[in-house]
Amino acid sequence: MADRLSGKVCIITGSGGAIGRASALMFAREGAALVGCGVRGAGAQETVDAVRAAGGEMVSLHPACDLSEPSNCEALVAFALENYGRIDVLFNNAGNTRFGWIEKLSHDDWYRSIAVELNPVFHLTKAAWPALSKRGGAVVNTASVSAWISYKLLGGLVHNAAKGGIVAMTRQLAMEGRKYGIRANSISPGVIETPTTAPLLADPAWGDPMRDKIMLGRAGKPHEVAAVAVFLASDESSFINGADIIVDGGTTAW
């Protein structure tokens, strides 16, 4: 265990996913006390077990943690406060979406994707805002390079809109949070190898064009996103506010 996040209580949403788990393990190694959540109970519990096995401290609210419902966000904040008495870092990492081209993307797909990818950032940040305002702290939001570019192989209309909204929302949160000592920043990952994307990356018809768009010629790893989240959550980033850090291997740089 190190001490870059020593004494900080950190909420990490989507803690059962690949980036969420990598972040939980890295946050714990840096001394944070963690509050996780997820809609998939098994994955979220596996993350708790992994953190505790490594000597870290973590509790989690799952599986009934659908953050598209404001009441669940309020329950998660209450759970964090009951366990630790404060919140220092909110990492809005959870998200899910439906891909589809505009000709086939239904209205229901649009509304549901916005509900599970964009709305939770607002709902949970609003719920945590009073606690964050008491002490100052950091909000870290997971956006995507899809906020900045389009991939010709992805029908990403609603995903791009949601992630672009997160980047814009983050800037506004930074401005509103300044008087409370709250910093807000976002991370925009590119193509990251996870259990979901690994089969796609293994298919040359999809994987080769996607890798060709990456300057480093490979997909990123979850821990490479987690490292940026730790930095933004820590006091090392104390003069970084309202920023979006792109973690894409150079995808958007050429």
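Taking both residues in full, the closest heavy atoms of Val51 and Glu57 are given as CG1-N, 4.0 Å, listed atom of the first, atom of the second, then distance. Smallest separation of non-hydrogen atoms from Leu201 and Ala219: CD1-CB, 3.8 Å. Residues Val39 and Cys65 approach most closely at CG1-O, 3.5 Å, considering heavy atoms. Of all heavy-atom pairs spanning Ser237 and Ala233, the tightest one is OG-N, 4.4 Å. In terms of heavy atoms, Ala174 sits closest to Asn241 at CB-OD1, 3.4 Å. Closest non-hydrogen pair, Val9 versus Arg86, comes out as CG1-O, 3.3 Å.
Side-chain contact between Val121 and Met169 is present, with at least one heavy-atom pair separated by less than 4.5 Å. Looking at heavy atoms from C-beta onward, Asn96 lies out of side-chain contact with Glu117 at the 4.5 angstrom threshold. Side chains of Ile192 and Val225 form a contact here, defined as non-hydrogen atoms less than 4.5 Å apart. Residues Val35 and Leu76 meet the side-chain proximity criterion, which asks for heavy atoms closer than 4.5 Å. Two residues are said to be in side-chain contact when any heavy atoms from C-beta on lie closer than 4.5 Å; Arg211 and Leu216 fail this criterion. In this structure, Tyr84 and Val59 have side chains that are in contact, with non-hydrogen atoms separated by less than 4.5 Å. Side chains of Ile12 and Leu34 form a contact here, defined as non-hydrogen atoms less than 4.5 Å apart. Between Ile114 and Val158, the closest side-chain pair of non-hydrogen atoms falls below 4.5 Å.
A ring pair (Phe, Tyr, Trp, His ring centres under 6.0 Å) check over residues 144-174, counting only residues at least two apart or in different chains, returns the pairs Phe99-His159. Sequence neighbours left out, not one pair with a member in residues 221-254 passes ring pair (Phe, Tyr, Trp, His ring centres under 6.0 Å). Residue pairs meeting the salt bridge (charged side-chain N to carboxylate O under 4.0 Å, His left out) criterion with at least one member in residues 183-195, sequence neighbours excluded: Glu193-Lys221. Sorted by first and then second residue, the side chain to side chain donor-acceptor pair (under 3.5 Å) pairs involving residues 72-83 (not counting sequence neighbours) form an empty list.
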**Item:** Trace of the side chain to side chain contact (heavy atoms under 4.5 Å, CB included) decision for Arg171 with Ser186
**Value:** CA-CA 9 Å; Arg171 288 195 298 267; Ser186 58; over 6 Å; no
**Item:** Working for side-chain hydrogen bond (donor to acceptor under 3.5 Å, both in side chains), residues Ser106 and Asp109
**Value:** CA-CA 5 Å; Ser106 71; Asp109 287 338; 3.2 Å; yes
**Item:** Stepwise side-chain hydrogen bond (donor to acceptor under 3.5 Å, both in side chains) check, Asn92 with Thr125
**Value:** CA-CA 8 Å; Asn92 286 306; Thr125 305; 3.1 Å; yes
**Message:** Please determine whether side chain to side chain contact (heavy atoms under 4.5 Å, CB included) holds for the pair Val77 and Ile87, giving the CA-CA distance in whole Å, both sets of side-chain angles, and the decisive distance to 0.1 Å.
**Reply:** CA-CA 8 Å; Val77 169; Ile87 299 169; 3.9 Å; yes
**Item:** Criterion side chain to side chain contact (heavy atoms under 4.5 Å, CB included) on Val140 and Leu90, from CA distance to verdict
**Value:** CA-CA 6 Å; Val140 182; Leu90 173 60; over 6 Å; no
**Request:** Go through the steps to decide whether Lys213 and Met210 satisfy the test side chain to side chain contact (heavy atoms under 4.5 Å, CB included), and finish with yes or no.
**Result:** CA-CA 5 Å; Lys213 196 172 178 65; Met210 295 298 280; 5.8 Å; no
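Residues forming a salt bridge (charged side-chain N to carboxylate O under 4.0 Å, His left out) with Arg178 (at least two apart in sequence, or on another chain): none. By the salt bridge (charged side-chain N to carboxylate O under 4.0 Å, His left out) test, Arg218 pairs with Glu224, sequence neighbours left out. For Asp203, there are no side-chain hydrogen bond (donor to acceptor under 3.5 Å, both in side chains) partners, not counting sequence neighbours. Among residues two or more places apart in sequence or in another chain, the salt bridge (charged side-chain N to carboxylate O under 4.0 Å, His left out) test is passed with Asp49 by none. By the side-chain contact (heavy atoms from CB on, under 4.5 Å) test, Tyr180 pairs with Trp129, Ser133, Ile182, sequence neighbours left out. Not counting sequence neighbours, the partners of Asn160 by the side-chain hydrogen bond (donor to acceptor under 3.5 Å, both in side chains) test are Ser150. In this view, Asp108 satisfies the salt bridge (charged side-chain N to carboxylate O under 4.0 Å, His left out) rule with no residue, not counting sequence neighbours.
Although no hydrogens or angles enter the test, the distance criterion places no donor-acceptor pair under 3.5 Å between the side chain of Ser144 and the main chain of Ala147. Although no hydrogens or angles enter the test, the distance criterion places no donor-acceptor pair under 3.5 Å between the side chain of Ser15 and the main chain of Gly36. With hydrogens and angles disregarded, a donor-acceptor distance shorter than 3.5 Å links the side chain of Ser238 to the backbone of Asp235. Distance alone, capped at 3.5 Å, is enough to place a donor-acceptor pair between the Arg52 side chain and the Met58 backbone. Checking side-chain atoms of Asn185 against main-chain N and O of Leu232 turns up no donor-acceptor pair under 3.5 Å.
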Going by atom type alone, with no hydrogens or angles, which donor-acceptor pairs under 3.5 Å involve a side-chain atom of residues 16-26 and a protein atom two or more places apart or on another chain?
{"residue": "Arg21", "atom": "NE", "partner": "Thr47", "partner atom": "OG1", "Å": "2.7"}
{"residue": "Arg21", "atom": "NH2", "partner": "Gly43", "partner atom": "O", "Å": "2.8"}
{"residue": "Arg21", "atom": "NH2", "partner": "Glu46", "partner atom": "OE1", "Å": "3.3"}
{"residue": "Arg21", "atom": "NH2", "partner": "Thr47", "partner atom": "OG1", "Å": "3.4"}
{"residue": "Ser23", "atom": "OG", "partner": "Ile19", "partner atom": "O", "Å": "2.8"}

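Remark: of the listed residues Ile245, Ile149, Val167, Val167 is the sole one forming a side-chain contact (heavy atoms from CB on, under 4.5 Å) with Ser188.
In the hydrophobic cluster analysis, where Ile, Leu, Val, Met, Phe, Trp and Tyr join through side-chain heavy atoms closer than 4.5 angstrom, Val191 is grouped together with Ile246. Under a hydrophobic clustering in which Ile, Leu, Val, Met, Phe, Trp and Tyr are joined whenever their side-chain heavy atoms come within less than 4.5 Å, directly or via other members, Tyr111 and Leu67 fall into the same cluster. Taking hydrophobic clusters as Ile, Leu, Val, Met, Phe, Trp and Tyr residues chained together by side-chain heavy-atom distances below 4.5 Å, Leu157 does not share a cluster with Leu153.
Neither side chain, Asn93 nor Thr13, offers a donor N or O lying under 3.5 Å from an acceptor on the other.
Atoms CG and CG, on Asn119 and Leu124 in that order, are 12.5 Å from each other to the nearest 0.5 Å. Phe79 CZ to Ser60 OG: the interatomic distance, rounded to the nearest 0.5 Å, is 6.5 Å. One finds the CG atom of Asn141 at 6.5 Å from the CG atom of Leu173 (value rounded to the nearest 0.5 Å). The NZ atom of Lys8 lies 10.5 Å from the CZ atom of Phe27; values are rounded to the nearest 0.5 Å.
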